[in-house]
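Let me begin by presenting the structure, written as structure tokens, before commenting on it.
Each chain gets a letter, A, B and so on, in the order its sequence line appears, and its residues count up from 1.
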Number of protein chains: 2
Amino acid sequence: MKEMKISEAVVRRLPIYLRYLNELRMSEVQTVSSQELGQRLNLNPAQIRKDLAYFGEFGKKGIGYDVGYLIEKIRHILKLDQVIPVALVGAGNLGHALCNYNTYLKNTMKITAVFDASPNKIGTQINQLTVLPMDKLSETVNEQKIRVGIITVPSAVAQHVADQFVQAGIEAILNFAPTIIKVPSHIRIHQADFTAELHSLAYYLD
Amino acid sequence: MKEMKISEAVVRRLPIYLRYLNELRMSEVQTVSSQELGQRLNLNPAQIRKDLAYFGEFGKKGIGYDVGYLIEKIRHILKLDQVIPVALVGAGNLGHALCNYNTYLKNTMKITAVFDASPNKIGTQINQLTVLPMDKLSETVNEQKIRVGIITVPSAVAQHVADQFVQAGIEAILNFAPTIIKVPSHIRIHQADFTAELHSLAYYLD
DNA sequence: TAGATTGTTAATCGATTAACAATC
DNA sequence: TAGATTGTTAATCGATTAACAATC
């Protein structure tokens, strides 16, 4: 059980559980069943129980899950029981928007450095952060122990930015540019592809 | 074959194919094999052939696929051989960023109206669009035959905006707010959830 | 105790991949 | 013709769901 490989589908659901559990805690709900979770999140209760059971026995038979305890556990599983420093490259509107989520994400992932190639952007402020030039990337990643990189630059330069992230020693990348970028296999990469999302939506129109 | 149900996984890959094919066309590449596509997109060639075969026989044995022809076909399958008018609610940084994609998406989905509840935002310009008040939503959706809605408002009001979209007669929604919203079953909804994406990324850190 | 709900096994369902005849 | 590559079937793999004993 210790060394079981967890599927990507499971890992993608955990943050969804976590978010709703946080809402429940804010409403001072003490306990929740897989049934209630499933109802709210449009998921099968058996699936939720199975997902959680990969990591331990977090529930109580006949009762359900303690909200606070389950939050703790999922945060730990996702390694979100620590602040993970994040760098963002591309100080446009999208980069700006993402920086605003720092408050929302406060005790977990935190954007601690913003970069841009354009002299117009360098030196400007985004929230409390000063936009840095690209040649400070490697140095900053090291100093601040940044582990994750976010790419919000145009597609044409996304691969180049990814290469610089990899060079600098980042462990994972979230790419918003609408293009598939290549990274070495030890780097985790997720695609946040708004245009593909919209295009696949069109298929379902009548 | 006419009435076969296509899985969501297949539909999500089509825009990825389309995008790379467009790149190939720009480089004046005439023909591409499933092998080459797979290599570039990190997909199994058999999967690509199977995906395409759900919709017809688009390739030539021994040769591969004609780039221009396949683009035509996928655009048609995704209903992107027409301009689909889109409304966006939430004229913040994120909304602003998405409006900038209009150029990129030019002959397909097009944001034709932007709304916001805040008096500070109403009347301001985003690209060529004037930000409208929420009470113009229904009217505008009807007049412009808008079929898709994008939500870029805070989580707390996302459900309310979705309800208004549904009321106005929209067919599909792309929600950027980090919360699960509920819509009637005839409405297609996709989640563009940046925070969940980041959180699941953390799991894969060492 | 009776009712509720978990954790887990077994059954089902669906998606991916391998293999290959057809054919350009 | 020989080499390449499709379209498609069969095999494999994996994920979801149903069912239920255990137990709070």
Side-chain angles (χ1 to χ4, degrees), chain A residues 1-17 20-21 24 29-74 77 180 200 203, chain B residues 1-17 20-21 24 29-74 77 180 200 203:
Chain A
M1 183 117 324
K2 215 80 232 265
E3 288 304 316
M4 181 175 234
K5 207 181 83 254
I6 305 298
S7 89
E8 200 161 322
V10 173
V11 175
R12 284 181 178 280
R13 283 191 293 268
L14 294 178
I16 311 295
Y17 302 156
Y20 181 52
L21 289 164
L24 286 175
V29 175
Q30 296 292 320
T31 290
V32 67
S33 67
S34 58
Q35 173 108 205
E36 293 168 293
L37 281 169
Q39 203 128 37
R40 178 65 181 82
L41 304 174
N42 303 322
L43 295 169
N44 184 302
Q47 183 172 63
I48 295 175
R49 293 200 299 278
K50 198 160 201 284
D51 285 353
L52 297 173
Y54 285 117
F55 303 97
E57 305 198 357
F58 303 142
K60 284 208 180 18
K61 293 188 174 71
I63 309 290
Y65 300 90
D66 181 90
V67 171
Y69 181 70
L70 191 51
I71 287 174
E72 287 270 310
K73 286 302 182 183
I74 296 180
I77 293 162
I180 303 291
S200 67
Y203 176 81
Chain B
M1 184 122 317
K2 214 81 233 264
E3 288 304 316
M4 182 174 231
K5 206 182 83 253
I6 305 298
S7 90
E8 201 160 323
V10 172
V11 175
R12 284 181 178 280
R13 283 190 293 268
L14 294 178
I16 311 296
Y17 302 156
Y20 181 52
L21 289 165
L24 286 176
V29 174
Q30 296 292 320
T31 290
V32 67
S33 68
S34 60
Q35 172 109 203
E36 293 168 292
L37 280 169
Q39 203 128 36
R40 179 64 182 82
L41 303 174
N42 304 321
L43 295 169
N44 183 301
Q47 183 171 63
I48 294 174
R49 293 199 299 278
K50 198 160 201 285
D51 284 354
L52 296 174
Y54 284 118
F55 304 98
E57 304 198 359
F58 302 143
K60 283 206 183 14
K61 292 188 173 72
I63 309 290
Y65 299 90
D66 181 89
V67 172
Y69 181 69
L70 191 53
I71 288 174
E72 287 270 311
K73 286 302 184 184
I74 297 180
I77 293 161
I180 302 291
S200 65
Y203 177 81

- Query: Once you round it to whole Å, what is the distance between P of C:dA21 and CZ of B:Arg49?
  - Reply: 15 Å

- Look at atom CD of A:Glu8 and say whether more than 12 heavy atoms of other residues, nucleotides or ligands are closer to it than 6.0 Å. yes

- Rounded distance (Å) that lies between atom C1' of D:dT8 and atom CZ of B:Phe58: 15 Å

- So which heavy atom on B:Pro15 is nearest to which on A:Ser200, and how close? CG-N, 3.8 Å

- Message: In dot-bracket form, 5' to 3', how is DNA chain C paired? Count Watson-Crick and G-U wobble pairs only if both distances fall under 3.5 Å, and write | where the partner sits on another strand.
- Response: ..||||||||||||||||||||||

- Message: Counting C-beta onward and ignoring hydrogens, is there a side-chain heavy-atom pair between B:Ile74 and B:Phe58 closer than 4.5 Å?
- Response: no

- Quick one: A:Glu57 CD to C:dT8 C1', roughly how many Å, whole number? 10 Å

- Task: Round to a whole Å and report the spacing from CG of B:Asp66 to P of D:dT6.
- Result: 13 Å

- Protein-nucleotide distance (A:Asn42, atom CG; D:dT17, atom C1'), rounded to Å: 16 Å

- Query: B:Ser7: what forms a side chain to side chain contact (heavy atoms under 4.5 Å, CB included) with it, not counting sequence neighbours?
  - Reply: B:Ala9, B:Val10

Find every protein N or O atom lying less than 3.5 Å from an N or O atom of nucleotides 9-15 of chain D, and list the pairs.
none

- Rounded distance in Å - CZ (A:Phe55) to P (C:dT6): 17 Å

- Note on the structure: Correct closest heavy-atom pair for B:Tyr54 and B:Ile6 would be CB-CD1, 3.6 Å

- Find which nucleotide of DNA chain D each of B:Glu36 and B:Ala46 is nearest to by heavy atoms, and output the residue with the more 5' nucleotide. B:Glu36

- Taking NZ from A:Lys73 and P from C:dG7, how many angstroms apart are they, rounded to a whole number? 13 Å

- So the salt bridge (charged side-chain N to carboxylate O under 4.0 Å, His left out) pairs with at least one residue in residues 39-52 of chain B (sequence neighbours excluded) are B:Arg13-B:Asp51

- Query: Would A:Tyr17 and A:Leu43 count as a side-chain contact (heavy atoms from CB on, under 4.5 Å) if you check the C-alpha gap in whole Å, the side-chain angles of each, and the deciding distance to 0.1 Å?
  - Reply: CA-CA 10 Å; A:Tyr17 302 156; A:Leu43 295 169; 3.6 Å; yes

- Message: Please confirm whether the shortest side-chain N or O distance from B:Ser34 to OP1 or OP2 of D:dT5 is below 4.0 Å.
- Response: no

- Spacing between B:Gln35 atom CD and D:dT6 atom P, to the nearest angstrom: 9 Å

- Message: With a 4.5 Å cut-off on side-chain heavy atoms, are B:Leu21 and B:Tyr65 touching?
- Response: no

- Message: So for atom CD, which belongs to A:Glu36, do other residues, nucleotides or ligands contribute more than 12 heavy atoms lying within a distance under 6.0 Å?
- Response: yes

- Can you list every pair that meets salt bridge (charged side-chain N to carboxylate O under 4.0 Å, His left out) and has a residue in residues 54-68 of chain B, with sequence neighbours left out? none

- Query: Which heavy atom of A:Ile63 sits nearest a heavy atom of A:Thr31, and at what distance?
  - Reply: O-CG2, 3.6 Å

Quick one: which protein N/O atoms are closer than 3.5 Å to N/O atoms of nucleotides 22-24 of chain C? Pair and distance per line, please.
residue: C:dC24; atom: O4'; partner: B:Lys61; partner atom: O; Å: 3.0

